[in-house]
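The structure displayed is predicted, hence computed values, not measured ones. Numbers restart at 1 for each chain; the letters A, B, ... are given by sequence-line order, proteins then strands.
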Amino acid sequence: QQPVQSPQAVILREGEDAVINCSSSKALYSVHWYRQKHGEAPVFLMILLKGGEQKGHEKISASFNEKKQQSSLYLTASQLSYSGTYFCGTERGSNYKLTFGKGTLLTVNP
Amino acid sequence: GAVVSQHPSWVICKSGTSVKIECRSLDFQATTMFWYRQFPKQSLMLMATSNEGSKATYEQGVEKDKFLINHASLTLSTLTVTSAHPEDSSFYICSTGEDEKLFFGSGTQLSVL
């Protein structure tokens, strides 16, 4: 079942923060986050595993609430390069078989 | 991480013809490859899981005879769209997993006239 992402779109000015949420109605093994720029392949950002802690990558971090089966991606002090569509992908077992959400279009303006 | 090479990047074909898309794992022996389809401004939808040396596993609603998948070696998986129609026009992308992450090919934009 497809995870639900929110919001669908976000417009920021450079330096502002954003949070993107991803929730599932099923028990998850992991949540992955990817960023895709137009016409390009998705690029891996991070993975949150069941029982794992909050993770960070430069100014991008994420958390996974196992009880609620929800994950959030935090983008702080956004840069122009952060623009793109962010997808969460959920995995119900350790098999790389991901179900992706509909995506969140993030636009960072100067 | 794994490097996945996908070819061609884009292809235009006439309705009724077949198109083959190749996906190579350059530095990694990929026993499994995943094939996704993405319509404009939509999510990636898993079509099938390609397994080296055995038959592919297709997701519900995906026609096996239309989307032929071959995974003859640990470095090459192919997707052939047979008798393509305009509604098959889409962005097709392959991926493989390593170290808990998915690595994607660069994708193939298929346009069927």
Side-chain angles (χ1 to χ4, degrees), chain A residues 1-10 20 22-24 28-53 55 57 62 64 71 83-107, chain B residues 1-11 21 23-26 28 30-52 56-62 77 90-111:
Chain A
Q1 194 167 4
Q2 189 174 38
V4 177
Q5 267 186 254
S6 64
Q8 289 185 343
V10 183
I20 301 171
C22 175
S23 64
S24 173
L28 301 175
Y29 171 78
S30 71
V31 178
H32 296 224
W33 286 96
Y34 291 82
R35 176 172 60 212
Q36 184 181 32
K37 296 199 182 257
H38 181 69
E40 299 179 8
V43 173
F44 174 83
L45 293 176
M46 64 189 72
I47 177 175
L48 286 302
L49 295 171
K50 184 175 70 170
E53 69 286 4
K55 287 196 172 179
H57 174 68
F64 178 27
S71 179
S83 292
T85 301
Y86 288 77
F87 291 98
C88 69
T90 55
E91 190 182 18
R92 297 198 61 200
S94 179
N95 57 13
Y96 297 109
K97 195 171 177 181
L98 298 185
T99 303
F100 287 92
K102 291 188 176 182
T104 296
L105 177 61
L106 178 75
T107 304
Chain B
V3 179
V4 181
S5 175
Q6 188 171 342
H7 178 81
S9 298
W10 57 270
V11 58
I21 301 170
C23 187
R24 294 181 184 274
S25 174
L26 299 184
F28 172 66
T31 56
T32 303
M33 287 273 200
F34 301 95
W35 287 94
Y36 288 86
R37 178 168 54 184
Q38 186 178 32
F39 291 108
K41 297 185 179 181
Q42 294 192 25
S43 186
L44 297 105
M45 299 304 293
L46 180 64
M47 298 175 65
T49 303
S50 152
N51 303 295
E52 187 269 334
T57 305
Y58 290 82
E59 295 301 303
Q60 194 172 11
V62 178
S77 176
S90 186
F91 188 60
Y92 293 86
I93 189 164
C94 63
S95 69
T96 190
E98 184 192 33
D99 194 25
E100 298 178 332
K101 305 163 192 166
L102 267 189
F103 295 92
F104 289 87
S106 53
T108 298
Q109 183 63 52
L110 171 63
S111 296

Practice problem: Measure B:L44 against the heavy atoms of chain A and call it side chain, backbone, both or neither at under 4.5 Å. | Solution: both

Self-check item: Contact winner vs chain B - A:H32, A:Q36, A:Q2, A:Q5, heavy-atom pairs under 4.5 Å
Solution: A:Q36

Quiz item: What's the shortest heavy-atom distance between B:Q42 and A:F87, and which atoms?
Solution: O-CZ, 3.9 Å

Exercise. Select one option (side chain, backbone, both, neither) describing which atoms of B:Y36 are under 4.5 Å from chain A's heavy atoms.
Key: side chain

Exercise. Let me see the working for B:E59 and A:K97 under side chain to side chain contact (heavy atoms under 4.5 Å, CB included), right down to the final yes or no.
Key: CA-CA 11 Å; B:E59 295 301 303; A:K97 195 171 177 181; 3.1 Å; yes

Practice problem: Side chain from CB out, backbone as N, CA, C, O: work out which of these in B:Q38 comes under 4.5 Å of a heavy atom of chain A, or both, or neither. | Solution: side chain

Quiz prompt | Minimum heavy-atom distance between A:Y29 and B:E100, given as atom pair plus value | solution = OH-OE2, 4.3 Å

Quiz item: Nearest heavy-atom pair of A:P42 and B:F104: which atoms, and what distance?
Solution: O-CD1, 3.6 Å

Practice problem: Mind listing the closest non-hydrogen atom pair of A:F100 and B:L102 along with its distance? | Solution: CZ-CD1, 4.4 Å

Exercise. Check whether A:L98 gets within reach of chain B through its side chain, its backbone, both or neither, counting any heavy atom under 4.5 Å.
Key: both

Quiz item: Tell me, side chain or backbone of B:L46 under 4.5 Å from chain A's heavy atoms, or both, or neither?
Solution: side chain

Quiz item: For the residue pair A:A41 and B:G105, what are the closest heavy atoms and their distance?
Solution: CB-O, 2.8 Å

Self-check item: Proximal component of B:Q109, with respect to chain A [non-hydrogen, under 4.5 Å]
Solution: neither

